[in-house]
Amino acid sequence: FSLAGVLLHRSLASDLAAADQEGLRSKARVVMHFIEETQRSGDVPALVHRLDELLVGHRGLRIWLQSGRGDSLYGGVMPAPAADPQAGSIVALNASDGAQLEVLDTRLSDSPPWPRGVVRVANDTQPRRQLLATHRNTLLAICALGVVLTAGLSRFALVRALARVKQLS
């Protein structure tokens, strides 16, 4: 029972992490598209509006935009660097508010209005961790019930089998 539970839990955790990471990459592509449009048009207020709209309905999604000089342009103060922005890999980061985030950094091109800036898109992992905790507790309860039922049925079968032996002696 426990082996099946562990395998199910690990499989779900892996699938959820992969889905969350693909969602984060997708959001980062959307943000980069908005920034590229802003670089062509120069309409910075429209970018801010679009980023605000992107955050609506996406609980746990966070976006930071920082200039090449380190000035915060959107999202407030960017948390300490999580990884090399060139790498494009998703890394874990603990935010100042205690949230555990998965973060994807992207370096901006050398064109105006933010030459050599950095975009950081992050997703809070709390909902996934809560789901996995609930799943783990449910699996533990099912496995414990399976063990108890197996032991009970084994005892029942053993008592019935020994009852015949007792009658013979």
Side-chain angles (χ1 to χ4, degrees), residues 3-142:
L3 180 60
V6 167
L7 290 175
L8 283 171
H9 186 72
R10 285 187 179 175
S11 174
L12 179 64
S14 174
D15 288 347
L16 288 175
D20 282 354
Q21 290 177 357
E22 181 54 37
L24 184 61
R25 283 187 172 88
S26 175
K27 295 295 184 225
R29 284 191 294 271
V30 170
V31 169
M32 289 305 297
H33 175 73
F34 291 161
I35 289 172
E36 288 167 3
E37 285 183 353
T38 302
Q39 286 174 331
R40 284 192 294 271
S41 70
D43 191 0
V44 177
L47 172 66
V48 171
H49 182 70
R50 286 180 134 177
L51 293 178
D52 288 341
E53 286 179 342
L54 182 63
L55 293 174
V56 171
H58 292 96
R59 187 176 141 237
L61 181 66
R62 301 180 189 193
I63 302 169
W64 292 274
L65 177 57
Q66 187 178 50
S67 71
R69 295 184 313 248
D71 300 328
S72 176
L73 303 169
Y74 184 83
V77 177
M78 188 182 289
D84 178 15
Q86 299 289 345
S89 61
I90 295 174
V91 295
L93 175 70
N94 291 324
S96 59
D97 62 359
Q100 293 179 349
L101 306 172
E102 286 184 333
V103 175
L104 178 62
D105 286 352
T106 307
R107 187 162 299 283
L108 297 177
S109 65
D110 214 3
S111 59
W114 311 290
R116 305 177 65 80
V118 175
V119 175
R120 180 171 289 168
V121 181
N123 196 20
D124 191 350
T125 60
Q126 179 65 24
R128 181 176 69 213
R129 287 183 289 124
Q130 285 176 337
L131 176 68
L132 288 172
T134 301
H135 183 261
R136 181 183 58 245
N137 292 339
T138 303
L139 279 177
L140 286 173
I142 291 170

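The closest side-chain heavy-atom distance from V119 to V121 is below 4.5 Å. Here the side chains of H9 and H135 are in contact, with some heavy-atom distance below 4.5 Å. Looking at heavy atoms from C-beta onward, D52 lies in side-chain contact with Y74 at the 4.5 angstrom threshold. Using a 4.5 Å heavy-atom threshold, the side chains of V103 and I90 count as separate. When side chains are defined from C-beta on, M78 does not count as touching L65, because their heavy atoms never get closer than 4.5 Å. Contact check for L101 versus N123: no side-chain heavy atoms found under the 4.5 Å cut-off.
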### Task
Given side chain to side chain contact (heavy atoms under 4.5 Å, CB included), test M32 with L108 step by step and report yes or no.
CA-CA 8 Å; M32 289 305 297; L108 297 177; 3.6 Å; yes

#### Entry: From CA spacing to verdict: side chain to side chain contact (heavy atoms under 4.5 Å, CB included), T106, V118
CA-CA 6 Å; T106 307; V118 175; over 6 Å; no

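Across W64 and A122, no two heavy atoms sit closer than the pair CZ3-CB, 3.6 Å. Nearest heavy atoms, K27 versus L54: CD-CD1, 4.3 Å. Considering all non-hydrogen atoms of both residues, R69 and D71 come closest at NH2-OD2, 3.0 Å.
With respect to the salt-bridge test (charged N to carboxylate O, under 4.0 angstrom), the residues R120 and E102 do not qualify.
With values rounded to the nearest 0.5 angstrom, L12 atom CG is found 8.5 Å from L139 atom CG. For the atom pair I142 CD1 and N137 CG, the distance stands at 11.0 Å (nearest 0.5 Å). Here the OG atom belonging to S26 is positioned 11.0 Å from the CG atom belonging to L104, to the nearest 0.5 angstrom.
The main-chain N or O of Q66 is never found under 3.5 Å from a side-chain atom of S72 such that the two would form a donor-acceptor pair. Judged purely by atom type and a 3.5 angstrom limit, T134 uses its side chain to pair as donor or acceptor with the backbone of Q130.
In this structure, H58 has no ring-ring contact (aromatic ring centres under 6.0 Å, His included) partners at least two apart in sequence or on a different chain. In this structure D20 satisfies the side-chain hydrogen bond (donor to acceptor under 3.5 Å, both in side chains) test together with R128, sequence neighbours excluded.
With a 6.0 Å radius and a threshold of 12 heavy atoms from other residues, nucleotides or ligands, R129 has its CZ atom above the threshold.
Applying the side chain to side chain donor-acceptor pair (under 3.5 Å) test to pairs two or more places apart or on separate chains, those with a residue in residues 33-47 are H33-E37, E37-R50.
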